[in-house]
Amino acid sequence: MSTPDPTSIRVRMAPSPTGPLHIGTARTSLYNFLFARHVGGTYVLRVEDTDVARGTDEWETDIIDNLHWLGITWDEGPQSADGGDIGPYGPYRQSQRMELYAREADRLLASGDAYHCYCTPDELEAVRHEQERNHEAPRYNGRCLRLTDAERAAFEAEGRRPALRFQVPPDKIRFDDLIRGDVEFDNALLGDFVIVRGDGMPLYHFVVVVDDEAMAITHVVRGEDHLSNTPKHIALIRALGYREPRFGHIPLILNPDRSKMSKRKSQTAITAYREQGYLPEAMVNFLAFLGWSPGTEEEIFSLEELAARFEIGEVHKAGAVFDKDRLDYLNGVYIRSLADGQLAYRLRPFIPEELDDGILMRLAPLLKERLVRLGDASELAAFLTETDDQIAALYEPELLLPKGRTAAETAEALTIARGALGAIDQPDFAAGELEAICRSSAEAHGWKAGDFFRPLRVAITGRLVSPPLFGSMELLGRERTLARVDEALKRLGAEIPA
RNA sequence: GCCGCAUUCGUCUAGAGGCCUAGGACACCGCCCUCUCAAGGCGGAGAUCACCGGUUCGAAUCCGGUAUGCGGUACCA
């Protein structure tokens, strides 16, 4: 044997376009990507769209776009949903490889490893029920394995379209999982399973094996939910005379109740996180650590650093709960690390169009300093788009009152603040200037700064806590700021100065 | 039911027989800073390492069993 050539390592991800890119698929793709990059291998994207009833172009677009958004790239496969394939093993969409599957299915039929099955869904269902009643393993009973020519002809005459079943050899299947080590299954416990449907559509267990061989995949890294499917695949591989790849099964991502992460209980679409303002860097960092760790106390890594450190054998065996708090924290870390221009650019989709890029640039340092959390950022966006009427409706007069102050005193403070604001000539404010003027006015009238700013904060922002007071005033401009203060005075039943 | 995989603070994890009276991070609590909220700094609480039994001078780490959870058991992927 010569030294193994690292470039001969070929891995793949095989998403099925039956929905938007799922968190779990994204992480499996990420681990495959990191593994491929780490060993200098080739990364293949294959679209598993054999289940045409469920698959749509829309989902394929979502999957490819979001994979790109995360920074995951592949060497072979469709580079965009409407574009062509790249790579010598194409096409990379299973819906376009039907002749290959038909050919391999025929081989199995010819060699006797597969046989036609005329059982109807109802008949199969009945058998399963019967087995359950008798506490037997629910598996195919092999009825069609040895049909006489007459029986076969009778079924054909009935118009039944046979499915193709693989005859599973009763072998003990053992393999050395990249992550779990030695695993053994007994295929004698398996029933013969269908590999091609009655309507001619080949099924997952079959096509995945055919394609992995055809695309020269050497390492299959996939979710743990496929662990117990692997002995089926190995049986198929042996029957077809293929070369057996290495398998690695990564742990599942879990709902808070520790069941497999699902749409019902968690937000699973990558797109949804993207639309809420999560940065791809944060998502990647977060996902990478859900089931893997570099073994040190470092925890902030770029995609490149991850690729340099990632070892497939270090991947954990137990499932990991998706902890959104941690994602939020990481998102904050990455937002804070962004330069102002970068932040403004990333924020653009979340900020109303009326606020031009100049304002956004001024807003950027403010956001970075204080509104690093997603929740706060979207609050700010909402704040900026709220009409003054909506803001006014938000607060109750009691909220305006500092501790131990009466409505009259509070109105007085607001009137003072109003005067300070009015004293500024320019239509736009500078936060620093505003703060200085308000502070000195307050002190001149014997107010503690904290007491003074509280009613002002509620009047301007409509809430007790964030966003930052002076930044908000700066963004609103003088006119709207004064309007809000006036509205607050009205609520307090106070006179509005002319 | 059967088969398989897993099991360290609430969560993500460090840990590969003595360095562990189990370390870090998120979340939580307190203090400092501060116009607020954050961020940052300091500190606190939080895990009899699922349980039982072995091996060993010594076990979170090795072995066996039990329990619990999860996954698979489709003409879905």
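Labels below follow one simple rule: chain letters A, B, ... track the order of the sequence lines, proteins then strands, and each chain is numbered from 1.
- Around atom CZ of A/Arg161, no more than 12 heavy atoms belonging to other residues, nucleotides or ligands sit under 6.0 Å away.
- Atom CZ in A/Phe185 sits about 8 Å away from atom C1' in B/rC5, given to the nearest Å.
- Of the candidate nucleotides B/rA39, B/rA6, B/rC76, B/rA6 has the atom lying nearest to any side-chain atom of A/Arg180.
- On the C1' atoms, B/rC75 is 22 Å away from B/rG71, given to the nearest whole Å.
- Judged by distance alone, with hydrogens and angles left aside, A/Arg326 brings a side-chain donor or acceptor within reach of the base of B/rA25, the pair sitting under 3.5 Å.
- In a base pair of the Watson-Crick type (N1 to N3 plus N6-O4 or O6-N4) or a G-U wobble (N1-O2 and O6-N3), with each distance short of 3.5 Å, B/rG71 is matched with B/rC3.
- A pairwise comparison of heavy atoms in A/Phe286 and A/Asp323 identifies CE1-O, 3.4 Å as the closest pair.
- One C1' atom belongs to B/rG15, the other to B/rG24, and the distance between them is 12 Å to the nearest Å.
- If you check every strand for non-hydrogen atoms under 4.0 Å, A/Asn229 touches a base.
- Computed from coordinates, the A/Leu287 CG to B/rC26 C1' distance equals 16 Å when rounded to whole Å.
- For the pair A/Arg246 and A/Asp176, the salt-bridge criterion is met [side-chain N within less than 4.0 Å of a carboxylate O].
- Between B/rC5, B/rU13, B/rC26, one nucleotide has an atom nearer to the side chain of A/Ala320 than all others, and that is B/rU13.
- Side chain of A/Val321, nearest nucleotide from B/rC5, B/rC12, B/rC3: B/rC12.
- One atom, CG of A/Leu290, and another, P of B/rC12, lie 8 Å apart when rounded to the nearest Å.
- Candidate nucleotides B/rC75, B/rC12, B/rA77 were compared by shortest atom distance to the side chain of A/Arg197, and B/rC75 ranks first.
- Distances from the side chain of A/His205 to the nucleotides B/rA27, B/rC75, B/rA77 place B/rA77 closest.
- The base-pairing partner of B/rA59, taking Watson-Crick or G-U wobble contacts with both distances under 3.5 Å, does not exist among the strands shown.
- Judged by Watson-Crick or G-U wobble contacts below 3.5 Å, the nucleotide B/rA22 has no partner.
- Base-pair partner of B/rC76: not found among the strands shown (Watson-Crick or G-U wobble, both distances under 3.5 Å).
- Among the atoms of the strands shown, only primed sugar atoms or phosphate atoms (P, OP1, OP2) are found under 4.0 Å from some heavy atom of A/Val183.
- Regarding contacts with the backbone of B/rG69, every side-chain N or O of A/Ser259 stays at 4.0 angstrom or more from both OP1 and OP2.
- Pairing of B/rG30, defined by two Watson-Crick or G-U wobble distances under 3.5 Å, is identified with B/rC42.
- Take the nearest nucleotide of RNA chain B for A/Asp186 and for A/Lys260: the residue whose nucleotide is more 5' is A/Asp186.
- Not one side-chain nitrogen or oxygen of A/Tyr204 sits closer than 4.0 Å to the OP1 or OP2 atom of B/rA77.
- Between the CZ atom of A/Phe193 and the C1' atom of B/rG72 there is a distance of 13 Å, rounded to whole Å.
- Between the side chains of A/Thr230 and A/Arg222, at least one donor N or O lies within less than 3.5 Å of an accepting N or O.
- Looking at A/Thr120 and A/Asp122, their side chains never bring a donor and an acceptor atom within 3.5 Å of each other.
- For A/Glu297, the side-chain atoms get nearest to B/rG24 when compared with the rest of B/rC35, B/rG72, B/rG24.
- A distance of 6.5 Å separates CG in A/Leu100 from CG in A/Asp211, rounded to the nearest 0.5 Å.
- Among A/Arg180, A/Arg27, A/Lys260, A/Lys317, the single residue meeting the salt bridge (Lys or Arg N to Asp or Glu O under 4.0 Å) criterion with A/Glu224 is A/Arg180.
- Note on A/Ser293: a side-chain N or O is less than 4.0 Å away from OP1 or OP2 of B/rA14.
- B/rA74 and B/rG58 are spaced 49 Å apart, taking the P atom of each and rounding to whole Å.
- Going from atom CG of A/Asn187 over to atom C1' of B/rU73 covers 12 Å, rounded to whole Å.
- In this structure, A/Gly191 reaches neither bases nor backbone, as no heavy-atom distance under 4.0 Å exists between it and the strands shown.
- A straight line from CZ of A/Arg143 to P of B/rC75 spans 14 Å, rounded to a whole angstrom.
- Taking 4.0 angstrom as the limit, A/Arg336 places a side-chain polar atom (N or O) nearer than this to OP1 or OP2 of B/rG40.
- Across all strands shown, B/rC37 has no partner, as no Watson-Crick or G-U wobble contact with both distances under 3.5 Å is found.
- In terms of position on RNA chain B, the residue among A/Ile179 and A/Asp257 whose nearest nucleotide sits closer to the 5' end is A/Ile179.
- For the OP1/OP2 pair of B/rG4 and a distance below 4.0 Å, the side-chain nitrogens and oxygens of A/Arg174 include no atom meeting the criterion.
- Going from atom CG of A/Leu190 over to atom P of B/rG4 covers 12 Å, rounded to whole Å.
- OP1 or OP2 of B/rC75 has at least one side-chain nitrogen or oxygen of A/Arg165 nearer than 4.0 Å.
- The A/Arg258 side chain lies nearest to B/rC12 when the options are B/rC5, B/rA77, B/rC12.
- Rounded to an integer number of Å, the gap from A/His316 NE2 to B/rG15 C1' is 11 Å.
- B/rC3 sits 23 Å from B/rC63 when the C1' atoms are compared, rounded to a whole Å.
- Rounded to the nearest Å, the gap between the C1' atom of B/rC52 and that of B/rG43 is 39 Å.
- The separation of B/rA6 from B/rG41, taken at their C1' atoms, amounts to 40 Å, rounded to a whole angstrom.
- B/rU66 and B/rA50 make up a base pair, with Watson-Crick or G-U wobble contacts both under 3.5 Å.
- Nucleotides B/rC9 and B/rC51 place their P atoms 10 Å apart, quoted to the nearest Å.
- Listed nucleotides B/rA27, B/rC12, B/rA77 differ in distance to A/Phe289; the shortest reach to its side chain belongs to B/rC12.
- A gap of 16 Å separates the P atoms of B/rU48 and B/rU21, to the nearest Å.
- A salt bridge does not link A/Arg484 with A/Glu487: none of the charged nitrogens is closer than 4.0 Å to a carboxylate oxygen.
- In the set B/rU11, B/rC75, B/rA6, B/rA6 carries the atom at the smallest distance from any side-chain atom of A/Lys317.
- With hydrogens and angles left out, the side-chain atoms of A/Asn285 and A/Tyr334 include a donor and acceptor closer than 3.5 Å.
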